[in-house]
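Presented below is the structure to which this report refers.
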Amino acid sequence: MRDAEIRELPGLIGERVRVSGWLYNARSSGKLHFLVVRDGSGYLQSVVFKPAVDERVWQEAGRVTQESSLQVTGTVKEETRAPGGVELQVEEIVIVQLCPDYPITPKEHGPDFLLNHRHLWLRSKRQHAIMRVRNELTFGIRDFFYTRHYVNIDSPILTPAACEGTSTLFETDYFGEKAYLSQSGQLYLEPAAAAHGKVYCFGPTFRAEKSKTRRHLTEFWMVEPEVAWMRFDGLLELAEEFVSTLVARILDRCKQELEWLERDVARLEPAAARPYPRIDYGDAVEKLKAKGFPVTFGDDFGGDEETALADESGKPILITRYPAAIKAFYMEPDPLDPARALAVDMIAPDGYGEIIGGSERISSPEKLEQRIAEHNLPLAAFQWYLDVRRYGGFPHSGFGMGIERVVTWLCGLQHLREAIPYPRMINRLYP
RNA sequence: UCCGCAGUAGCUCAAUGGUAGAGCAUCCGGCUGUUAACCGGAGGGUUGGGGGUUCGAGCCCCUCCUGCGGAGCCA
């Protein structure tokens with residue numbers, strides 16, 4: 001007899017194993033108990049047949065409750081009637097802890113109830129699948145950059161001032177001074193690009209905006225590459241290659257999870273191939289006008305507008321060259337039209353919204369200083385950032401991608417809050 | 001901050017202004033192949049808080065609280 005994880009069992013047919021886990025669900029008839037055990041690596045139908053076991057084992061099988069921790073020992077058997085094609089013929093059961101009144105039943109629950117029990121909700125099959133996809137995505141991101149010789153540079157979370165001067169920040173006391181939780185690692189990444197060439201940061205980001213939509217969290221994870229000498233065209237190429245590579249990886253390695261999530265994979269497959277459609281901001285405005293949206297040149301797009309612009313094919317789209325006035329201060333003006341910025345947003349299809357925002361950065365110290373003044377930002381706080389231009393200025397570009405929005409899209413979720421283990425939103429800090 | 005929707009059993013939801021109900025969960029019983037198993041029985045309620053109208057309020061009115069969705073802002 002050996003200890004085994006459930007994922008190994010298809011290769012252990014006929015062997016006697018012990019599995020440690022939790023009771024996921026139970027069904028019984030007069031002389032049979034079907035105990036579905038989960039151990040994190042999979043789900044196992046364990047069959048207890050009354051004539052085949054001691055009376056004590058039969059009694060234990062009858063009293064074990066949902067989510068009780070237990071160890072089952074028996075013989076692995078190929079069985080087409082069992083989910084997964086393998087089941088365990090039980091000889092011994094040890095209940096480690098009998099679980100009383102598990103709150104989350106196999107029936108429906110509302111979002112508020114489930115979020116109050118997020119620490120338990122994570123055990124459910126659907127949440128398990130989402131976290132597996134998230135895990136594959138974050139590992140795929142690091143793999144993507146590592147194999148292309150990017151260096152991971154972690155940005156600080158506690159910062160002395162607003163990075164972009166737009167969003168509302170969480171303020172905290174820092175030994176008598178004010179400090180803020182970071183809303184972007186980008187500004188700290190640019191100096192590192194001068195040190196290593198190709199860099200990225202990957203960490204939590206905080207926005208104190210009182211947003212109440214399915215697309216917003218107050219704490220979310222963002223990955224931000226920054227590349228020295230990369231111009232705007234190169235940035236568009238990078239964003240496309242990045243997202244298509246990640247989608248292909250998920251389709252290849254998370255088939256089971258996407259099936260459990262009932263994700264329409266055919267809707268995701270087009271995004272695994274390049275190129276993605278690109279549309280100039282000005283053309284996007286015209287397209288929206290033709291569709292009856294009350295937009296004028298200079299407006300930013302809302303959720304409905306983004307959805308209307310999205311491609312029919314299931315590919316994300318790139319919207320390029322936004323008006324400078326509605327974009328961040330550090331973005332390089334378009335040489336063809338200084339009122340525009342070399343900025344790009346990537347919009348996921350099917351209403352999942354913006355997943356990437358990026359730009360070429362201003363490389364001239366004079367131009368940057370002027371922009372800081374125009375945005376009424378405190379010049380003194382940005383001296384170190386201006387140094388990137390003063391001491392060997394160079395063209396560079398980068399973007400930020402929101403992890404939860406991508407997970408939401410990949411998994412086909414209705415709400416961003418399911419895409420992170422412990423969502424932080426307005427009115428929700430527990431558990 | 002603004003607009004809209006909602007709050008009834010542990011959970012998901014019903015209930016013309018007239019005796020508060022069902023399914024699931026829990027407990028008891030039945031069934032040798034179940035797939036959110038099924039069948040029978042039992043217990044379980046200050047209808048979010050406060051005030052008002054009425055012979056009578058879960059339902060109508062006022063107010064507060066909480067949650068959800070959207071706008072703004074963004075990834």
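Naming convention: chains lettered A, B, ... in sequence-line order (proteins, then strands); numbering from 1 in each chain. As a basis for the values below, the full set of heavy atoms in this structure was taken, side chains included, without hydrogen atoms, waters or symmetry mates.
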To the nearest angstrom, the CG-C1' distance between A:Leu98 and B:U26 comes to 13 Å
- Query: What distance, rounded to whole Å, do you find between the two C1' atoms, one in B:C55 and one in B:G45?
  - Reply: 25 Å
Using 30° and 60° as the class limits, which term best fits the ring planes of A:Phe242 and A:Phe144: parallel, tilted or perpendicular? perpendicular
Requested in this report: May I ask you to decide if the ring planes of A:His119 and A:His117 are parallel, tilted or perpendicular, using 30° and 60° as cut-offs?
Outcome: parallel
Mind checking A:Ile356 for me? I need base, sugar-phosphate or nothing, with any heavy atom below 4.0 Å counting as a touch.
sugar-phosphate
For this session: Could you tell me whether A:Asn427 contacts a base, only the sugar-phosphate backbone, or nothing, with contacts defined as non-hydrogen atoms closer than 4.0 Å?
Result: sugar-phosphate
Review point. Taking the P atom of each, how far is B:G44 from B:G21, in whole Å?
Key: 13 Å
When rounded to whole Å, the NE2 to C1' distance for the pair A:His117 and B:G10 reads 9 Å
Of the candidates B:G33, B:U12, B:G67, the side chain of A:Glu79 sits closest to B:G33
note: A:Gln89, atom CD; B:U32, atom P; distance rounded to Å ~ 18 Å
By nearest-nucleotide position on RNA chain B, the 5'-leaning member of A:Met401 and A:Gly303 is A:Gly303
Looking only at B:C31, B:G70, B:A75, the nucleotide nearest the A:Glu354 side chain is B:A75
In this structure, CZ of A:Phe206 is separated from OG1 of A:Thr218 (nearest 0.5 Å) by 8.5 Å
Within 45 degrees of the axis of the six-membered ring of A:Phe145 and under 6.0 Å from its centre: does A:Lys198 put its NZ or CZ there?
no
Whole-angstrom distance between B:A6 and B:C13, as gauged at atom C1' | 13 Å
ask   = Going by distance alone, is a donor N or O of one side chain under 3.5 Å from an acceptor N or O of the other, for A:Glu190 and A:His396?
value = yes
Q. How far, in whole Å, is B:U26 from B:U32 if one measures between their C1' atoms?
A. 26 Å
Practice prompt. Please confirm whether any donor atom in the side chain of A:Arg27 sits under 3.5 Å from an acceptor in the base of B:C31, or the reverse.
Written response: no
Taking B:U34, B:G69, B:A75 as options, the one with an atom nearest any side-chain atom of A:His415 is B:G69
inquiry  = Taking any heavy-atom pair under 4.0 Å as a contact, classify A:Ser28: base, sugar-phosphate, or nothing.
reply    = base
Margin query: Could you check whether A:Arg405 pairs with A:Glu306 (Lys NZ or Arg NE/NH1/NH2 to Asp/Glu carboxylate O, under 4.0 Å)?
Written below: no
Quiz item: Can you find an N or O donor on one side and an acceptor on the other, under 3.5 Å apart, linking the side chain of A:Ser211 with the base of B:C73?
Solution: yes
(message) Roughly how many Å apart are B:G70 and B:G18, using the C1' atom of each and rounding to a whole number?
(response) 39 Å
Expressed as a whole number of Å, how far does the C1' atom of B:U47 sit from that of B:U8? 4 Å
Query raised in the report: What interatomic distance, in whole Å, is found between C1' of B:C27 and the corresponding atom of B:G10?
Result: 14 Å
Between A:Thr75 and the options A:Glu15, A:Arg16, A:Glu91, A:Gln89, the side chain to side chain donor-acceptor pair (under 3.5 Å) test singles out A:Glu91
| said: Which label fits A:Tyr322 and A:Tyr281: parallel for a plane angle under 30°, tilted from 30 to 60°, or perpendicular past 60°? | reply: tilted
Q: Verify the contact: side-chain N or O of A:Asn25 to OP1 or OP2 of B:A36, cut-off strictly under 4.0 Å; return yes or no.
A: no
I'd like to know if A:Arg215 pairs up with A:Glu354 as an ion pair, taking the criterion as any Lys NZ or Arg NE/NH1/NH2 lying under 4.0 Å from an Asp or Glu carboxylate oxygen. no
Practice problem: For the pair A:Tyr188 and A:Trp384, name the ring-plane relationship: parallel under 30°, tilted 30 to 60°, perpendicular over 60°. | Solution: parallel
Out of B:A75, B:A71, B:U34, minimum distance to the side chain of A:Phe34 belongs to B:U34
inquiry  = Under 4.0 Å from OP1 or OP2 of B:C74: is there any side-chain N or O of A:Arg215 that close?
reply    = no
note: A:Leu114, atom CG; B:A25, atom P; distance rounded to Å ~ 17 Å
With rounding to the closest Å, how many angstrom separate the C1' atoms on B:A9 and B:A14? 13 Å
Taking for A:Gly302 and for A:Met425 the nucleotide of RNA chain B with the nearest heavy atom, the one nearer the 5' end belongs to A:Met425
Could you check whether A:His216 gets within reach of a base, just the sugar-phosphate, or nothing at all, counting any heavy atom under 4.0 Å? base
Quiz item: Do A:Leu309 and A:Phe301 have side chains that get closer than 4.5 Å, going by heavy atoms?
Solution: yes
| With a 4.0 Å cut-off on heavy atoms, is A:Lys212 in touch with a base, just the backbone sugar-phosphate, or nothing at all? | base
Checklist entry - Looking for any heavy atom pair under 4.0 Å, which part of the strands does A:Gln66 touch: base, sugar-phosphate only, or nothing? => result nothing
Students often get this wrong, so: under 4.0 angstrom with heavy atoms, is A:Phe49 touching a base, only sugar-phosphate, or nothing?
base
Against the side chain of A:Arg405, the closest entry in B:A75, B:C73, B:U32 is B:A75
Quick note, A:Thr105 side chain, CB onward, closest among B:G69, B:G33, B:C24 is B:C24
Exercise. Would you say whether A:Phe220 stacks on B:A75? The test is a distance between ring centres of less than 5.5 Å and an angle between planes of less than 30°.
Key: yes
Closest to the side chain of A:Ser29, out of B:C31, B:C74, B:C68, is B:C31
Intra- and inter-strand pairing of RNA chain B, written as dot-bracket with Watson-Crick and G-U pairs under 3.5 Å and | for the latter, reads (((((((..((((....[..)))).(((((.......))))).....(((((..]....))))))))))))....
**Asked** How is A:Pro103 classified with respect to the nucleic acid when contacts are heavy atoms under 4.0 Å: base, sugar-phosphate, or nothing?
**Response** nothing
- Base, sugar-phosphate alone, or nothing: which one does A:Gln45 contact when heavy atoms must sit under 4.0 Å apart? base
>> Considering every strand and a 4.0 Å limit on heavy-atom distances, what is the contact class for A:Ile355: base, sugar-phosphate, or nothing?
In response: sugar-phosphate
field: Donor-acceptor pair under 3.5 Å, A:Glu87 side chain vs B:G33 base
entry: yes
- Task: Could you tell me whether the phosphate oxygens of B:U1, OP1 or OP2, come under 4.0 Å of any side-chain nitrogen or oxygen in A:Lys210?
- Result: yes
| Reckon A:Arg417 touches a base, only the sugar-phosphate, or nothing at all at heavy-atom distances under 4.0 Å? | sugar-phosphate
